[in-house]
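Chain identifiers are assigned alphabetically (A, B, ...) following the order of the sequence lines, protein sequences preceding nucleic acid strands; residue numbering begins at 1 within each chain.
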2 protein chains.
Amino acid sequence: MKNFVEPIEKLTNEFTRLPGVGRKTANRYAYKIINMNSQDVQSFVNAILDAKQKVHFCDICGNFTDTEICSICQKGNHKIICVVSEPKDILALEKVRDFTGVYHVLHGVLNPLEGKGPDEIRIKELLQRISKYQVSEVIMATSPTVEGEATAMYIAKLLKPLGVKVTRIAQGVSLGTDLEYVDEVTLTRAISDRKEI
Amino acid sequence: MKNFVEPIEKLTNEFTRLPGVGRKTANRYAYKIINMNSQDVQSFVNAILDAKQKVHFCDICGNFTDTEICSICQKGNHKIICVVSEPKDILALEKVRDFTGVYHVLHGVLNPLEGKGPDEIRIKELLQRISKYQVSEVIMATSPTVEGEATAMYIAKLLKPLGVKVTRIAQGVSLGTDLEYVDEVTLTRAISDRKEI
């Protein structure tokens, strides 16, 4: 399905960059944009540019923020750190109301096949936080995939000699799923059933 | 699921304007934008602005185009007009290789409940084309929904006194579906089996 109008074709191609968007969906999005009034298109574009310009990583945890330190790090208990692979995982975990600690975003998991070693994810920064804030517990909340498990085990081994309690979210989260899509009840149980590793 | 970072929240809201996009999907899109490099974001934004600025309606058929007259009207046979409700329907019909005529986009269908009468869709423009180009046949290719059928019948009644042959795409297209999603074989049969109304 090819468009005959070049600007529509180009916009369709751009929309296919978004996750899970194929050509047909991208085309519908492009048509929607053209049907929007100019003011709405401008505010759409401004939102994109604004998000790209203003949002950066929190100096402490690596989550997205538009302030120097993110809102969770500003008020959370820095003695309990929950380690996740991506910012989107924090969004899912924040539904668990009884967690009052802070997060640490690795920005990836260990994946030797893709050349992702310990230096490619934010492990060094985690170690620095542990000595700086006298952290008492680190909860490993990487997704329960092969790579997520391996990353949790690797970091646990690094932290054990430092005298830090390292826990893993319980296997209430079913194997092989992406953390982003786990329901809140399962996540709440996974947090409360966490076990030392 | 609320974001704590205002620019992400705003961008997420903007993405929910796109057809079929809920909050979770919109959020994934927003995260993807932030993860793209600045150059890619700029070309994304340029594509949106370009499409909005350069694309307008073809003076003849009402389809989207970035030239004065669309590419189909430039080379098609203006004696056979295929009438559709939206530009996206042309994209579907253009897969039917043996149609050499041109199109006419109504930009809607008759819908009394929503206040869409004959003056709100491009019927007047269709009548003008018929006298100007000595049209021999008008194929009514509105979607086979209640409103689409009613619109086809209404226009057929208007055109009959002018001596124009008016046909309707055959009921190979199953009732109640949106034209955009009909497969090519069904569409090809619908075109070849068209019958006078």
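- Among the residues in residues 62-76 of chain B, those with a non-hydrogen atom closer than 4.5 angstrom to a non-hydrogen atom of chain A are Phe64(B), Thr65(B), Asp66(B), Ser71(B).
- Atom OH of residue Tyr31(B) and atom CG of residue Leu91(A) lie 4.5 Å apart, to the nearest 0.5 angstrom.
- Using a 4.5 Å cut-off between heavy atoms, Gln53(B) makes no contact with chain A at all.
- Annotation: side-chain hydrogen bond (donor to acceptor under 3.5 Å, both in side chains) contacts of Thr167(B) (sequence neighbours excluded): Glu137(B).
- Counting heavy-atom pairs closer than 4.5 Å to chain A, the top residue among Asn13(B), Ile48(B), Asp50(B) is Ile48(B).
- The closest side-chain heavy-atom distance from Val55(B) to Leu11(A) is not below 4.5 Å.
- Listed by chain and residue number, nothing satisfies the ring-ring contact (aromatic ring centres under 6.0 Å, His included) test with His56(A) (two or more places apart in sequence, or in another chain).
- At a heavy-atom cut-off of under 4.5 Å, chain A is reached by Asn35(B), Met36(B), Asn37(B), Ser38(B), Asp40(B), Val41(B), Gln42(B), Ser43(B), Phe44(B), Val45(B) from residues 35-45 of chain B, listed in order of number.
- Among all heavy-atom pairs drawn from Arg28(B) and Pro19(A), the shortest one is O-CG, 4.1 Å.
- Across all their heavy atoms, Lys52(B) and Ile33(A) have their closest contact at CD-O, 3.8 Å.
- Contacts of Glu86(A) with chain B are absent, with no heavy-atom separation under 4.5 Å from either backbone or side chain.
- Interface residue Lys32(B): only side-chain heavy atoms are found under 4.5 Å from chain A.
- For the pair Glu14(A) and Ala47(B), the tightest heavy-atom approach, listed with the atom from each and the gap, is CG-CB, 3.6 Å.
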